[in-house]
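A short write-up of the structure that comes next.
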Amino acid sequence: MPRRLLVTAALPYANGPIHLGHLVEYLQTDIWVRFQKLMGNDCRYFCADDTHGTAIMLRARQEGRSEEDLIAQVQQEHEQDFADFGIEFDNYGSTNSPENREICAKIWTSLRDKGLVKEKQVSQLYDPEEGIFLADRFVRGTCPKCDAPDQPGDNCSSCGTTYSPVDLIDPKSTLSGATPEEGSALHLFIELEQLHSFLEEWTQKSGALQPEIANYLKGHFLGDALRDWDISRPSPYFGFEIPDYPGNYWYVWFDAPIGYMASTQQWCDRTGEKFDDWWRSTDCEVHHFIGKDITYFHTLFWPGMLKVAGYSLPTKVHIHGFLTVDGEKMSKSKGTFVRARSYLDHLDPAYLRYFYASKLSSKIDDIDLSLEEFITKVNTDLVGKVVNLASRSAKFVRKTGLSAEYPDDGGLFQQAAEAGEEIAAAYEACDYSRAMRLIMALADRANPYVEEAKPWELRKDEAQAERLQDVCTVALNLFRQLAIYLTPVLPQLAKQTGQLLGEPITRWSQAQTPLVGTPVNQFKHMLQRVEPKKVNAMIEDSKEETGEGAAAASESQESKSQEFVDKWNDPGDSLEAEPLADECTFDDFMKVDLRVARIVEAEQVPDARKLLRLKLSLGGGVYKQVFAGIKAAYDPEKLVGRQVVCVANLAPRKMKFGVSEGMVVASGPGGEEIFVLSPDEGAKVGQRVH
RNA sequence: GGUCCGGUAGCUCAGUUGGUUAGAGCAGGGAACUCAUAAUUCCUUGGUCGGGGGUUCGAGUCCCUCCCGGACUACCA
């Protein structure tokens, strides 16, 4: 009976790019979800951008655009980063969605009906220039106790006194520099204390929390009466207006976790699933993955809200620690504050997926990305041990395929099959470092087998052909087991293994039965080794242009002139896939007339599988109709108006849907991976490309 | 200051309910091999398990105490 699992990772804030620290969580969660799916469980991964709050409002103001515009752009970047790291969500939503507004209202009504909401007067500083109430962190001033100047609004970094920003001497708004006025507004609060006994019971006995977290909550919060939670913010605020309290908005932390549900709702609407099967069913487990910084919200308020509104409580809240790089906090000046995009510009996401997996446990300890360890671990384990198994045996059975019956391997396959249970248990418990250790131990047994069997000698003797096939059958099956066990971590490797051996990896249980009698495809490199210079290039790229950083950057510029370093280091697979054509002369090249053209019309061709019909303008009223095979990659609307490069003197060709009078130049293997070329800004329609 | 976690080979860590001479990977040293992405395999150096005390026939493992490192927290959430 498959389990039904709803899984979430914390919602990234729409105020900045994804970095390597964020990825600890999204990868940890993605691995767990992929594992569950591989086990055949009905598991869904939901996430969304967290879009509300003062910070978003201020940034949008500063950039002179609407909040909606800002969060749309950031969300697009987030989703692209996740996709490129192989993080697959079943739905990725936004807290600024109609679904979220609706569910917020529902939960709000429940809280009101159960009498948990009360009003209180709150005195707060007000910035008359910006026209907003100031959170403590937006006020600085002189400490009332020790007279230290320029202290934060909540406590003094000099003498340690805590105070209210109202008490500061000579307070200033950090936003405008204006002197804040003391104001007072009515806020709505949730009386959490009413749920005290429930939360006590749930945090201590439900098994949803790691023991150290349960203990922490008990010591820090549950020992006393729980404080009221200030849940409203007066206008102006970017968020949802509270329906029965006009001019006030729900605090961002109220609607953020509800975003998990809204994202689920969107998925349900799309797939025809029932929302209540996921959020109001005892058959469905709810798992949240979060960082230790937001423990409070997810272990007290959130279960409280769920309880009151009658939804399922979290089955487990999995809490992880932070990321350090080379033993220190990520630092912008040292270049260790690496954005997801910067990483992707230089390195294969598989490296990071594996490295994090090899470090993660179910503890809340911080994990360290030691760059040196990163390089050696990935190269030794993945390239040297795992991929090497396939690399050293696949080509010997390219012609014959695998043996018809699985040969005697001294029990290796059986042992590895039996290890599957223990490895699965480690994944289930989020103890990935243990899972990786167990898998590598299997790899350490597989390589000596090949060493002793010496396939490279067997192949020299015709009479040993059968034995050679058997040896490679064993090696490739042991390799395949590893690939299956690593599938949650390295989906790309699993895919490649499926292609090599002609059977896709879709189930954990495939590791129990060897593959026999099937063809073996040509072996292609599955993973490049990590090159230290690429890691260095990534760090260099991440250094912020502060005084120190700028000096270091210009230094590296100098060294570049002496010894050429290609910091991009593009892989050679595309060139390999399509080698250079025969040499041609300049005259040959000039036969092809490439022109800058503008797409003036673009439309779907209803019956075509791959084609779009384009009308290209070469200027001066000269038009060409072109059928381009880019349907899967481009929306027609988005192409209209765009400048492209076309082959203008191509012989017209009659196609099923009409005559095509040219070609639009594009690169890529096909399908969705097509990249139409455009000239740089300033090119004029009709110009020839030389 | 409080709470929690950790301190095992140069590095990263494993050591289940206390039980024989404390393990792995990497790094170091030596050798073999050449199929493989200078990959692999074999052999090998290396540890008073943070210090001290206790319980026990027996402690890395339990208790006490001290030292060191880290995280959280300090009446804000």
Side-chain angles (χ1 to χ4, degrees), chain A residues 135-137 152-155 160-165 189-190 192 210-221 223-231 251-253 291-297 300-301 319-322 324 327-329 355 358-359 361 363-370 372-397 422 426 431 433-434 436-441 443-460 468 471-472 475 479 523-531 571-572:
Chain A
D136 294 358
R137 67 178 184 283
D154 48 358
N155 68 75
T161 319
T162 57
Y163 42 71
S164 157
F189 287 76
I190 292 178
L192 208 59
Q210 287 126 303
E212 55 265 54
I213 295 293
N215 199 353
Y216 154 78
L217 294 172
K218 191 175 184 176
H220 281 270
F221 299 101
D224 288 316
L226 294 164
R227 275 182 211 88
D228 298 336
W229 185 31
D230 184 352
I231 200 82
Y251 175 47
V252 56
W253 265 108
K292 62 186 178 185
D293 51 328
I294 53 176
T295 297
Y296 182 81
F297 298 100
L300 295 176
F301 293 133
I319 303 176
H320 62 80
F322 295 149
T324 55
E328 296 177 10
K329 266 194 188 166
F355 186 80
S358 76
K359 286 276 160 184
S361 72
K363 302 270 185 64
I364 45 174
D365 299 338
D366 292 350
I367 71 169
D368 184 49
L369 168 61
S370 147
E372 198 176 324
E373 192 188 352
F374 171 78
I375 295 166
T376 56
K377 191 157 209 126
V378 170
N379 286 346
T380 307
D381 289 358
L382 294 185
V383 181
K385 290 179 181 171
V386 178
V387 172
N388 188 234
L389 266 177
S391 166
R392 67 194 307 203
S393 55
K395 72 173 188 184
F396 297 135
V397 281
E422 204 179 349
D431 200 350
S433 63
R434 178 173 164 77
M436 296 307 108
R437 263 202 316 281
L438 291 166
I439 294 168
M440 287 311 138
D444 282 336
R445 269 178 255 167
N447 274 307
Y449 170 85
V450 178
E451 198 74 17
E452 278 166 42
K454 296 185 174 46
W456 55 94
E457 282 181 14
L458 296 173
R459 67 155 178 179
K460 293 176 188 159
L468 175 64
V471 167
C472 294
F479 165 72
F523 179 80
K524 293 186 220 143
H525 276 191
M526 293 175 163
L527 198 68
Q528 305 293 326
R529 358 188 78 239
V530 185
E531 293 182 53

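Within every chain, numbering begins at 1; the chains are lettered A, B, ... in the order of the sequence lines, protein sequences first and strands thereafter. No experiment lies behind these values; they were computed from the predicted model shown.
The side chain to side chain donor-acceptor pair (under 3.5 Å) test applied to A:Asp293 returns no partner, not counting sequence neighbours. Checked against side chain to side chain donor-acceptor pair (under 3.5 Å), A:Asp381 has the following partners two or more places apart in sequence or in another chain: A:Tyr354. Under the ring-ring contact (aromatic ring centres under 6.0 Å, His included) criterion, A:Tyr296 pairs with A:Phe221, A:Phe301, sequence neighbours left out. Qualifying side chain to side chain contact (heavy atoms under 4.5 Å, CB included) partners for A:Arg392, counting only residues two or more places apart in sequence or in other chains: A:Asn388, A:Asn447, A:Val450, A:Glu451, A:Trp456.
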Which parts of nucleotides 37-46 of chain B does protein reach within less than 4.0 Å, heavy atoms only, written one letter per nucleotide 5' to 3' as B for base, S for sugar-phosphate only and - for none? B-SBSS----

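Among the protein residues, A:Arg434 comes within range of no part of the nucleic acid, since none of its heavy atoms lies under 4.0 Å from any strand. Contacts of A:Trp253 with the nucleic acid, taken as non-hydrogen atoms under 4.0 Å apart, are absent. Among the protein residues, A:Lys377 comes within range of no part of the nucleic acid, since none of its heavy atoms lies under 4.0 Å from any strand. Nucleic acid contact class of A:Lys454 (heavy atoms, under 4.0 Å, all strands): none.
Note: CD1 (A:Ile213) to P (B:C5) measures 12 Å, nearest angstrom. Computed from coordinates, the A:Asp381 CG to B:U12 P distance equals 16 Å when rounded to whole Å. Residue A:Ile439 contributes atom CD1, which lies 19 Å from atom P of B:C13 at whole-angstrom precision. Put simply, CG on A:Asp365 is 7 Å from C1' on B:G6, counting in whole angstrom units. As a whole-Å value, the separation of A:Leu382 CG from B:G25 C1' is 14 Å. What separates CG of A:Asp368 from P of B:C5 is a distance of 22 Å, to the nearest Å. Separating the CD atom of A:Glu372 from the C1' atom of B:G10 is a distance of 12 Å, rounded to the nearest angstrom. Atoms CZ (A:Phe221) and P (B:C4) sit 16 Å apart, rounded to a whole Å.
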Going through the checks in order, is the salt bridge (Lys or Arg N to Asp or Glu O under 4.0 Å) test met by A:Asp444 and A:Lys385? CA-CA 7 Å; A:Asp444 282 336; A:Lys385 290 179 181 171; 3.3 Å; yes

Could you walk me through whether A:Val386 and A:Met440 pass the side chain to side chain contact (heavy atoms under 4.5 Å, CB included) check? CA-CA 8 Å; A:Val386 178; A:Met440 287 311 138; 3.8 Å; yes

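B:G7 and B:G54 have their P atoms separated by 24 Å, given to the nearest Å. Atom C1' of B:A9 sits at a distance of 14 Å from the matching atom of B:U48, rounded to the whole Å. The same atom, C1', is picked in B:C5 and in B:U41; the two are 40 Å apart, to the nearest Å. Between the P atoms of B:G69 and B:C64, the separation comes to 23 Å (whole Å). Look at the P atom in both B:U21 and B:G60: the space between them is 10 Å, to the nearest Å. If you take atom P in B:G10 and the same atom in B:G6, they sit 22 Å apart, rounded to whole Å. Taking the P atom of each, B:G23 and B:G47 are spaced 14 Å apart, rounded to whole Å. The C1' atoms of B:A24 and B:G46 are separated by 14 Å, rounded to the nearest whole Å.
Mapping A:Asp230 and A:Lys329 onto RNA chain B by nearest heavy atom places A:Lys329 at the nucleotide closer to the 5' end. Toward the 5' end of RNA chain B, the nearer of the two residues A:Lys359 and A:Ile364, judged by each one's closest nucleotide, is A:Lys359.
Here B:U73 is the nucleotide among B:U73, B:C4, B:A14 with the atom lying nearest to any side-chain atom of A:Tyr216. Distance from the side chain of A:Glu212 is smallest to B:C4 among B:C4, B:C35, B:C13. Among the nucleotides B:A71, B:U73, B:C33, the one closest to any side-chain atom of A:Asp366 is B:A71.
For A:Phe189 against A:Ile231, the heavy-atom pair with the smallest separation is N-CG2, 4.3 Å. Scanning all heavy atoms of the two residues, the minimum distance from A:Phe396 to A:Cys472 falls at CB-SG, 3.6 Å.
An aromatic stacking contact links A:Tyr296 with the base of B:A77, defined here by ring centres under 5.5 Å apart and ring planes under 30° from parallel.
Residues A:Arg434 and A:Glu422 meet the side-chain proximity criterion, which asks for heavy atoms closer than 4.5 Å.
Residue A:Lys395 has a polar side-chain atom (N or O) positioned under 4.0 Å from OP1 or OP2 of B:A36.
Both key distances under 3.5 Å define a Watson-Crick or G-U pair, and stretches of 3 or more such consecutive pairs in RNA chain B run B:1-7 with B:67-73, B:10-13 with B:23-26, B:28-32 with B:40-44, B:50-54 with B:62-66.
Counted within 6.0 Å of CD on A:Glu457, heavy atoms from surrounding residues, nucleotides or ligands total more than 12; the atom is thus considered enclosed.
Residues A:Glu212 and A:Lys292 are not paired through a salt bridge, judged by the lack of any N-O separation under 4.0 Å between the basic side chain and the carboxylate.
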